[in-house]
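Down below is the structure, laid out as structure tokens.
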Amino acid sequence: AQKITQTQPGMFVQEKEAVTLDCTYDTSDQSYGLFWYKQPSSGEMIFLIYQGSYDEQNATEGRYSLNFQKARKSANLVISASQLGDSAMYFCAMREGLGGSQGNLIFGKGTKLSVKP
Amino acid sequence: DTGVSQDPRHKITKRGQNVTFRCDPISEHNRLYWYRQTLGQGPEFLTYFQNEAQLEKSRLLSDRFSAERPKGSFSTLEIQRTEQGDSAMYLCADLPLNEQFFGPGTRLTVL
């Protein structure tokens, strides 16, 4: 069965510093997709970044990058130059089903990031 | 704003009452997903539609939960005879390509 593991319940980072949020996954599929979402206290799920299993380069979106290590089955999110507004819950997720055909996501338990001024 | 809207944003109800939530997805996408998120957890998949067909419903939490998507546009999620354990955020999402856009959610509180 597919599974997402986020082992850091909470993280602190100083404003303007970089932070890495860990995510490991388990799947027997060769084709899969990995996602990161941000959820502020208001509750909306904000899509941050996507990495396909066949993508040769690590995905980047502005200050977000995904450190994809396929052999280790890890997909860590790196946030550079942290800002106070980055304080939120962060969820790692992957598509469920063979090749992700069903399309729904399975999520980890999340990491609460707090940015200190 | 992802373009996915949900109504209502908040719902407070008494145990035993029925509640219905609505989701309006981005119209050009044909898949729609429902999730539930309880406090301190990631979202949990409930069901999904492709156009008006409900393709997976075994993950609905009990037979008190049902969902519809008439004409393949908006969708509704109904919970009958609500229980306190149903208190959660209910999210819908649609799936263009390699993103899944979520609506703002409906926060349900069952007293």
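So that the names make sense, note that chain A is the first sequence line, chain B the second, and so on, each numbered from 1.
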Problem - ILVMFWY cluster, Ile46(A) and Ile26(B) together (side-chain gap under 4.5 Å) - result: no
Fill in the blank from the handout: Ordered numerically, the heavy-atom neighbours of chain A under 4.5 Å found in residues 52-64 of chain B are Glu56(B), Arg59(B)
Handout entry: Between CZ on residue Arg9(B) and OG on residue Ser42(A), distance to nearest 0.5 Å
Key = 8.0 Å
Problem - Val115(A)-Val78(A) co-clustered via ILVMFWY side chain contacts under 4.5 Å - result: no
Exercise for the section: May I ask you to test the Phe45(B)-Phe107(A) pair for a side-chain heavy-atom distance under 4.5 Å? Expected result: no
Exercise for the section: Quick one: closest heavy-atom pair of Tyr35(B) and Asn104(A), and the distance? Expected result: OH-CA, 3.5 Å
Exercise for the section: May I ask whether Phe49(B) and Tyr33(B) are part of the same hydrophobic cluster, defined by side-chain heavy atoms of I, L, V, M, F, W, Y residues being less than 4.5 angstrom apart, directly or through others? Expected result: no
Practice task
Tell me whether Leu108(B) is reachable from Phe102(B) by hopping between hydrophobic residues (I, L, V, M, F, W, Y) whose side-chain heavy atoms are closer than 4.5 Å.
Solution key: no
Exercise for the section: Between chain B and each of Gln6(A), Glu44(A), Lys109(A), Met89(A), count heavy-atom pairs under 4.5 Å; write down the option with the most. Expected result: Lys109(A)
Exercise for the section: Might you confirm whether atom CD of Glu68(B) has over 12 heavy atoms from other residues, nucleotides or ligands at distances under 6.0 Å? Expected result: no
Handout entry: Whether over 12 other heavy atoms sit under 6.0 Å from Lys70(A) NZ
Key = yes
Exercise for the section: Look at atom CG of Leu39(B) and say whether more than 12 heavy atoms of other residues, nucleotides or ligands are closer to it than 6.0 Å. Expected result: no
Problem - Rounded distance [0.5 Å steps], CE in Met45(A) versus CE in Met89(B) - result: 10.0 Å
Practice task
Report whether Phe47(A) and Leu105(A) are members of the same hydrophobic cluster (ILVMFWY, side-chain heavy atoms less than 4.5 Å apart, transitive linking).
Solution key: yes
Problem - Atom CZ of Arg15(B): over 12 foreign heavy atoms under 6.0 Å - result: no
Handout entry: Nearest-0.5 Å distance, CD of residue Gln39(A) to CD of residue Gln37(B)
Key = 4.0 Å
